[in-house]
2 protein chains.
Amino acid sequence: MSEAGARPTLEAVAARAGVSRATVSRVVNGEAGVREVLAVKVRRAVDELGYVPNRAARSLVTRRYDAVAVVIAEPETRVFADPFFALQLRGISKELTAHDVQLVLLLTEGRADHARVGRYLSGGHVDGALVFSLHLDDPLPVIINGAGVPTVFGGRPGWAGGEDSVRYVDCDNRGGARSAVRHLAGLGRTRIAHITGALDQTSAADRLDGFRDVLPGADARLVAEGDFTPAGGERAMRRLLDRCPDVDAVFAANDLSAAGALRVLRASGRRVPDDVAVVGFDDMLPVAEQADPPLTTVRQDIEEMGRLMAAMLLRGQDRSPAPDHAASVVLPTELVRRDSA
Amino acid sequence: MSEAGARPTLEAVAARAGVSRATVSRVVNGEAGVREVLAVKVRRAVDELGYVPNRAARSLVTRRYDAVAVVIAEPETRVFADPFFALQLRGISKELTAHDVQLVLLLTEGRADHARVGRYLSGGHVDGALVFSLHLDDPLPVIINGAGVPTVFGGRPGWAGGEDSVRYVDCDNRGGARSAVRHLAGLGRTRIAHITGALDQTSAADRLDGFRDVLPGADARLVAEGDFTPAGGERAMRRLLDRCPDVDAVFAANDLSAAGALRVLRASGRRVPDDVAVVGFDDMLPVAEQADPPLTTVRQDIEEMGRLMAAMLLRGQDRSPAPDHAASVVLPTELVRRDSA
DNA sequence: TTGAAAGCGCTAACAG
DNA sequence: CTGTTAGCGCTTTCAA
């Protein structure tokens, strides 16, 4: 390990091993074509000195940064109310770590930060970006596209024409919603309501579409707009109860709003699932399992989505000649039955 | 903005502005002592060319990285179950952004990752580290101390002798716990129980100490060990009810476990706060406000703690001669009354 | 298979 | 106040 302070350079290692800097560089970078005797000497010197390559120097010549930016744009609320991003981050982190790539986190709040992010990305400090762009009208995608950095989006981006020119990872929101609603219908429920998510996000819009796929002629009053939060779920449920006291099932756009709905149903004296069956979306364990009653819900593998995003970005960077435009990925969902429906 | 691809260098800007590289450098870095006429020319050239400094080149000579690592070591669970870290991250991010410093996120899972983190930190890629080391026996602090990187811890570190040699930001866990318990006592409750957090974390230990400060002679059966999770809170509450059916108040170590306790109390037919008063800790809004009934709790300003950690680290980096060993900071807490007590 | 030498883009003395 | 000149530590031709 040697003393702190002056960290050893390639030069020092070369001197100690009795070879040239070039040779040390080759060994350190695992290039073939170095006699094993020398390689051994070099590795020993590296260990003895506690040599760690200087990334700045390396980047300067290679123009690679071994770092990717994770951009999370979320005006205030959601990021911190539900563990969604945390899980996604974990998946990303695992994959990046496995490739020895650093994760630079860029949190933005409002437009003011957009310019900063754009500058950072186009400034050439990272090899790519993983972006969570949740709102239909978000200007960030455009800025990022302009930055000329390889990018993978988390969730289908909502901007027009985006889908084919852009790589993203998402779950099958629409199909998942369909399976939830079909499940409720299969239970014999006939007044099935939907609490939407924030409809300026594609995931919410897609889930609503899925609901409509199964129930094309549904009473419009059976759809109440929520915002993915428990409070929003409560409000929506109250509205629903007001308008249609005879609802016998609710498909909520996520577990958090389902939890809110559950509370309102209980307060109204209704029993779940006897009087009203409830299905959520996400299978956010701490929420779904702890709900009262435990929530039947549509599971998506959030951590895996994160891992995939990172893998996709990294793969694209192999400089593989044909970018193999590994199109976007849409993961399947799975209905998890518990007690609420 | 000019075309992507070949990004302009200092040299290009200098040529365009008709000055030397040194002058451009001075203007870009805001150093005084450049005639305004020239400065204007330079700034214009910068804009026209869309020049962004190459960080790698800059770091190579300045030995500063304008980046700090945020290390979150949490075996699996907690990070993702509660918004604690997310809030802290937001505070950190805001402060770093304001100083144009990047946030490199290092998530670790288990011992295997410790070495990696140590290597990264001592590798000289960041100017400092913000570390969340939550467990008493965590080897990470030692590794990090060995890395010779300025560090600020989130939460009082638990290792022996740590307190004076280490900088940290924490809230007044013990005092907050005292105020919670005093509040319950003030309500006339006489059988006050405590659901602890994970006792290998100083925050949990400190809150337990606070409980004992107020109730030194408390029946040992009134203390049940939890783990900061809702499920842990449920288990603890059940144990409590078993052992002492006459409990009339509960101080839970955080809002999440209070929520679990609430559920068990309700299931047991007890009314809150009439039969049993409940106080939490954190004032995690989505949890505390949405609880049924809304939770009386001890608020700590988590985001501010994050901001402070970053500020403290950055300040220490001013190369101020006397490190001003801006000792650690312990933020006050505040009891927030809602309906549960 | 190895070494010598030339930079990558920038800052920081040091002159002028 | 401004320009010239050395490198920072590393990779990468190019010769040997």
Side-chain angles (χ1 to χ4, degrees), chain A residues 2 5-43 45-46 49-67 100 119-120 122-127 319, chain B residues 2 5-43 45-46 49-67 100 122-127 319:
Chain A
S2 98
R7 303 194 317 94
T9 68
L10 240 207
E11 177 103 46
V13 177
R16 177 154 195 136
V19 299
S20 72
R21 275 150 52 206
T23 298
V24 177
S25 174
R26 289 193 261 259
V27 173
V28 168
N29 292 301
E31 279 171 40
V34 175
R35 259 189 311 159
E36 191 54 23
V37 232
L38 286 195
V40 168
K41 273 192 198 166
V42 169
R43 280 192 282 267
V46 165
L49 262 27
Y51 169 73
V52 181
N54 179 319
R55 282 189 181 230
R58 178 181 285 174
S59 293
L60 189 53
V61 29
T62 59
R63 281 135 194 300
R64 300 191 66 257
Y65 295 85
D66 295 320
D100 200 29
R119 219 179 314 127
Y120 184 74
S122 59
H125 309 307
V126 291
D127 304 313
R319 307 149 164 182
Chain B
S2 98
R7 302 196 316 95
T9 70
L10 241 207
E11 178 102 43
V13 177
R16 179 155 194 131
V19 300
S20 72
R21 273 152 51 208
T23 298
V24 177
S25 175
R26 289 192 263 259
V27 173
V28 167
N29 292 300
E31 278 171 40
V34 175
R35 257 189 311 160
E36 192 53 22
V37 233
L38 287 193
V40 167
K41 274 191 197 166
V42 169
R43 280 191 282 267
V46 165
L49 262 27
Y51 169 73
V52 180
N54 180 320
R55 281 191 182 230
R58 178 183 285 172
S59 293
L60 189 53
V61 30
T62 60
R63 280 135 194 300
R64 301 191 66 256
Y65 295 86
D66 295 319
D100 200 29
S122 60
H125 308 307
V126 291
D127 303 312
R319 308 147 163 181

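Order of the sequence lines sets the chain letters (A, B, ...), proteins ahead of strands, with each chain counted from 1. Any value given below was found using the heavy atoms of this structure, including those in side chains, with hydrogens, waters and symmetry copies removed.
Formation of a donor-acceptor pair under 3.5 Å by the B:Ser25 side chain with backbone atoms of B:Arg21 is not found in this model.
The CG atom of B:Asn54 sits 7.5 Å away from the CZ atom of A:Arg63 when rounded to the nearest 0.5 Å. Taken from CZ in B:Arg43 to CG in B:Leu38, the straight-line distance is 10.5 Å, to the nearest 0.5 Å. Interatomic distance, B:Leu49 CG to B:Thr9 OG1, rounded to the nearest 0.5 Å: 8.5 Å.
Atom CZ of B:Arg26 and atom C1' of C:dA13 are 10 Å apart (whole Å). When the C1' atom of D:dT2 is taken as reference, atom CZ of B:Arg35 falls 8 Å away, rounded to whole Å. Between the CG atom of A:Asp66 and the P atom of D:dT11 there is a distance of 11 Å, rounded to whole Å.
Listed pair B:Thr23 / D:dG3 meets the phosphate criterion, a side-chain N or O lying under 4.0 Å from OP1 or OP2.
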Nucleotides 7-10 of chain C: which of its N/O atoms have a protein N/O under 3.5 Å away?
{"unit_1": "C:dC8", "atom_1": "O3'", "unit_2": "A:Arg63", "atom_2": "NH2", "d": "2.5"}
{"unit_1": "C:dG9", "atom_1": "OP1", "unit_2": "A:Arg63", "atom_2": "NH2", "d": "2.3"}
{"unit_1": "C:dG9", "atom_1": "N2", "unit_2": "B:Ala57", "atom_2": "O", "d": "3.2"}
{"unit_1": "C:dC10", "atom_1": "OP1", "unit_2": "B:Tyr51", "atom_2": "OH", "d": "2.4"}
{"unit_1": "C:dC10", "atom_1": "OP1", "unit_2": "B:Asn54", "atom_2": "N", "d": "3.3"}
{"unit_1": "C:dC10", "atom_1": "OP2", "unit_2": "B:Leu10", "atom_2": "N", "d": "2.3"}
{"unit_1": "C:dC10", "atom_1": "N4", "unit_2": "B:Arg21", "atom_2": "NH2", "d": "2.3"}

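Between A:Leu60 and B:Ala56, the shortest heavy-atom contact is N-CB, 4.0 Å.
Note on ring orientation: taking the six-membered ring where Trp is involved, the planes of B:His125 and B:Tyr65 are perpendicular (angle over 60°, cut-offs 30° and 60°).
Side-chain proximity of B:Ala22 to C:dT11, C:dG3, D:dG3: nearest is D:dG3.
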